[in-house]
Protein chains: 2
Amino acid sequence: MSVARRTGRRPGGPDTKGEILAAARVEFAERAYDGASVRGIAARAGVDPALVHHYFGTKEQLFLAAMEIPFTPSEVAAQIMSGPQPGTGERAVRTFLAIWADPVKRAPFLALLRSAMTHPGAAALLRQFARRAMLARVVARLDVPDRELRAEAAVSHLLGMALMRYVVKIEPLASASEDELVSLVGPVIQRYFDP
Amino acid sequence: MSVARRTGRRPGGPDTKGEILAAARVEFAERAYDGASVRGIAARAGVDPALVHHYFGTKEQLFLAAMEIPFTPSEVAAQIMSGPQPGTGERAVRTFLAIWADPVKRAPFLALLRSAMTHPGAAALLRQFARRAMLARVVARLDVPDRELRAEAAVSHLLGMALMRYVVKIEPLASASEDELVSLVGPVIQRYFDP
DNA sequence: CGTAGATTTCATCATATGGTGAATATTGCT
DNA sequence: AGCAATATTCACCATATGATGAAATCTACG
């Protein structure tokens with residue numbers, strides 16, 4: 001009959017761990033690693049901060065757990081590579097933008113991008129992801145010189161676009177439609193896939 | 001005859017304010033706005049933290065003071081625009097990379113880029129700079145449709161390149177020579193300047 | 001039912017941060 | 001020499017942060 005519940009386990013079988021993870025993704029995506037606080041994440045999950053530590057140990061480990069990427073790179077790569085070669089650039093831009101348009105899928109990437117600026121671990125994750133996802137799977141099968149450099153140049157453009165669109169929010173880029181960007185940027189990036 | 005000097009003005013006429021500014025640029029560039037502390041900046045400048053507040057008031061104002069860009073956009077724009085039109089892309093990349101190659105010139109931009117991720121004021125500065133420097137001066141005189149969007153797409157690529165090269169430090173992009181990047185990226189960006 | 005284990009919160013620590021106001025030493029002007 | 005302005009530091013404050021250990025409540029299984 002107490003109004004304010006005190007300590008102890010709470011009834012029902014809620015996936016509290018999952019809620020903490022979701023809250024962490026949002027907070028990390030919005031404020032980056034350093035700016036997000038365990039307290040803020042706990043508050044968003046409606047939970048005591050100590051519970052976060054109980055489940056994930058340290059903030060660092062929570063970050064790593066929250067950065068699980070929400071799709072399979074092989075599928076994405078397949079999607080980009082399927083179709084006529086001259087359309088590869090456009091398909092790459094379209095696929096990239098589609099992922100970033102979905103807030104749930106975008107969150108880990110935004111978090112990674114924001115956190116990479118100050119957190120070396122996040123930078124390492126981003127580096128590794130760029131290599132694995134883009135380079136190893138997409139460009140590896142193209143017969144061009146300087147494959148790696150070209151792949152990274154292409155990723156540079158895509159990441160820069162995400163940066164300007166979703167972080168810096170410069171206009172008209174931030175409000176441009178996906179189709180508009182695909183037809184503008186696609187043919188340009190295509191040059192990195194051509195001989 | 002005291003070994004450890006206590007409070008009070010110190011002899012000589014050192015440009016302490018300037019040293020604080022320089023220290024601030026380095027710290028902000030390395031750790032971004034939130035990560036850089038007034039104490040850290042003061043320590044790097046060999047000065048008491050209170051002196052920083054004495055000169056600049058708040059951390060925010062210190063940041064603004066430290067972000068004075070170290071070159072004149074008009075000159076840069078002139079440099080990019082002078083020469084045959086088909087070489088505009090390469091000149092843009094070369095000019096951009098030259099600025100980023102100089103640690104002193106790079107510092108404010110790195111600071112801006114890093115801080116824009118979490119600090120809305122920094123994002124606004126970056127946005128405004130991208131507009132003023134690149135768009136208004138370089139692309140305005142080109143006779144292409146979607147001038148603004150094209151300009152921002154070009155800036156996206158350049159910023160993304162800086163991001164991958166100087167923050168994420170992905171290889172081989174981070175170690176590639178400027179010439180290599182100019183000849184690879186220049187012709188690609190050129191497409192944004194063509195009809 | 002009873003108890004072992006899992007879940008959840010409370011209270012608390014040590015530390016770092018941005019910021020303020022008073023005190024002290026040095027310069028520069030007259 | 002004297003004195004006002006300036007430069008510089010010291011000693012604090014209030015607050016936020018990541019982290020820990022003990023206590024309380026609930027579920028599951030015998």
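Letters A, B, ... are given to chains in the order of the sequence lines, protein chains preceding strands, and every chain is numbered from 1.
- Taking side-chain N and O atoms only, A/Y55 has no distance below 4.0 Å to OP1 or OP2 of C/dA6.
- Side chains of B/V93 and B/M161 form a contact here, defined as non-hydrogen atoms less than 4.5 Å apart.
- Following rounding to the nearest Å, A/K59 (NZ) and D/dT17 (P) show an atom-to-atom distance of 9 Å.
- Considering only side-chain atoms of B/H54, the nucleotide from D/dA19, D/dT8, D/dC10 that sits closest is D/dT8.
- Using a 4.0 Å cut-off, no side-chain N or O of A/T16 falls inside it from OP1 or OP2 of C/dT7.
- Whole-Å rounding puts the A/I41 CD1 to D/dA16 P distance at 17 Å.
- The CZ-P distance, from B/R31 to C/dG18, rounds to 11 Å in whole Å.
- A/A42 comes within 4.0 angstrom of no nucleic acid atom, judged by non-hydrogen atoms across all strands.
- Distances were taken from every side-chain heavy atom of A/V47 (C-beta onward) to each of D/dA7, C/dT9, D/dG18; the shortest belongs to C/dT9.
- The separation between A/R39 atom CZ and C/dT12 atom P is 14 Å, rounded to whole Å.
- Each of B/R127, B/R131, B/H157 was checked for a side chain to side chain donor-acceptor pair (under 3.5 Å) with B/E152, and the lone residue meeting it is B/R131.
- Of all heavy-atom pairs between B/A130 and A/I170, the closest is CB-CD1, 3.9 Å.
- Listed nucleotides C/dT9, D/dG18, C/dT17 differ in distance to A/H53; the shortest reach to its side chain belongs to D/dG18.
- Between C/dG19 and B/T58, a contact under 4.0 Å exists linking OP1 or OP2 to a side-chain N or O.
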Would you please test B/L110 and B/V167 for side-chain contact (heavy atoms from CB on, under 4.5 Å) and show each step? CA-CA 8 Å; B/L110 238 190; B/V167 179; 3.7 Å; yes

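- For B/L51, taking side-chain heavy atoms from C-beta onward, the closest of the listed nucleotides D/dT8, C/dT17, C/dG21 is D/dT8.
- Nearest nucleotide to the A/D48 side chain, out of C/dG18, C/dC10, D/dT20: C/dC10.
- One can place CZ of A/F63 at 18 Å from P of D/dT17, the figure rounded to the nearest angstrom.
- Going from atom CG of B/L62 over to atom C1' of C/dT17 covers 15 Å, rounded to whole Å.
- In this structure, A/Q61 atom CD and D/dG18 atom C1' are separated by 13 Å, rounded to whole Å.
- At a threshold of 4.5 Å between non-hydrogen side-chain atoms, the residues B/L181 and B/L97 count as touching.
- Atom CG in A/D34 sits roughly 20 Å away from atom P in C/dT15 (whole-Å rounding).
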